[in-house]
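Numbering of ligands and ligand atoms starts at 1, following listing order.
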Amino acid sequence: MEPHPFRPETVAVTAGRPEAVPNAPLNPPLVLTSTYVARDHAAEPDDAGYGRWVNPTWLAFEEALGALEGGDGLLFASGMAAVAATLSLVPPGGALVVPEGPFYNGTAALMAQFEGRDALTLRPVDPAKPDAVRDALDGAAMLWIESPSNPLLEVVDVAALAALARSAGALTVVDNTVPTPLGQRPLTRGADVVVHSVTKYLSGHSDLVLGATVTRDEALYERLHGHRTLHGAVAGPFEAMLALRGLRTLPLRMERACSNAADLARRLATRPEISRVRHPSLPDDPGHELATAQLDLYGALISIELAGGPDAAERLCATTQLWVHATSLGGVESTMERRRRHPGESVAVPEGLVRLSVGVEHVEDLWADLEHALDHL
Ligand SMILES: *Cc1c(COP(=O)(O)O)cnc(C)c1O
């Protein structure tokens, strides 16, 4: 599709609405149906009359997300359903190039499961080494990128990697959950498919589980759509409506959450109880330079390592009052957790690492709560 003429703040509010004609509702209706009255088959052979194939409430969300990312969106039942559909684009036994550092553990676990069944071969590589990436891409079907990565917030050069993949004939997929389309638009940097956990920032209120893909390639869109229909990981219309309602305020939420995060990262870096703060806004962060060149927002996740190790990390999570001790990320409320409490998390993530998902509360309240908890470790 053509690039949308409006800026993202305006797109988020205006896209995916019914035509503005007299008496039309302002919002797309919530359509609760499993089936649709049949149309004239001779006139419309592509008759899509069933709730696993299509739903108007999905379409409204897909139009809005597609406009923000600059492609055609597809809504799925979860981020993992979108990841699974995208991995189905790798032909049987094909090679998938992945970053050797940690990325979302569910994605890594699914890839490992596929590899265990000989469905694909994983080729881990250091994304900062172009020669190694070029070698790994030789004959590969797909390159998987997550930047900034979850939970280490490592940043890679999306445009440079996508260019290497393209010249090797491999597809580039970017999981854009952490930066959101307001932080980066990977399709404009050469990516073929963008994947989202809509559960996180896009919906933004920790009240639903959904996922999405976005692509500009018609053939890829059709394959992803076909996968969704046959594997059946479709969204509930009600969740789709809530997600679109959340998406309307994505720019406002991100603006506040990212400014809170940058402020808190600076303050956390002064605390002796914390041995390392990871946030791309910090001048000494390894990803700072690349993030500054590539991202429009430094993001609302911070990862900290407690000098006192996992025990101190658990105590911190148990001591805060405003910050909720919880998994997941991207809601209006600030949450945090020690990632290694999950057995599935990569062993490359330090035991004492706590990931903070910064919300939209007042930054001084967030800091006072953290400061009090750190004082009482
Ligand atoms: C949460 C998450 C997913 C998985 O999404 P679900 O909606 O939980 O299925 C994928 N990638 C990243 C980066 C995530 O944070």
Scan side-chain atoms only and decide if Ser147 and Glu154 contain a donor-acceptor pair under the 3.5 Å cut-off.
no

Side chain proximity check, Glu314 to Asp311, heavy atoms < 4.5 angstrom:
no

Which N or O atoms of ligand 1 sit under 3.5 Å from a protein N or O, and how far apart is each pair?
from, atom 1, to, atom 2, distance (Å)
ligand 1, 5 (O), Ser197, OG, 3.0
ligand 1, 7 (O), Gly79, N, 2.9
ligand 1, 7 (O), Ser197, OG, 2.8
ligand 1, 7 (O), Thr199, OG1, 2.6
ligand 1, 9 (O), Gly79, N, 3.0
ligand 1, 9 (O), Met80, N, 2.8
ligand 1, 11 (N), Asp175, OD2, 2.7
ligand 1, 15 (O), Asn150, ND2, 3.2
ligand 1, 15 (O), Lys200, NZ, 2.8

How does the hydrophobic cluster around Val155 look, that is, which other residues are in it when side-chain heavy atoms under 4.5 Å mark a link?
Leu290

Is atom CD of Glu333 surrounded by more than 12 heavy atoms (other residues, nucleotides or ligands) closer than 6.0 Å?
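Counting neighbours around CD of Glu333, more than 12 heavy atoms of other residues, nucleotides or ligands fall under 6.0 Å, so yes.
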
Got a sec, which residues hit ring pair (Phe, Tyr, Trp, His ring centres under 6.0 Å) with His372, two or more places apart in sequence or on another chain?
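Residues passing ring pair (Phe, Tyr, Trp, His ring centres under 6.0 Å) with His372: His376.
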
Among residues at least two apart in sequence or on other chains, which ones pass side-chain contact (heavy atoms from CB on, under 4.5 Å) with Thr121?
Glu115

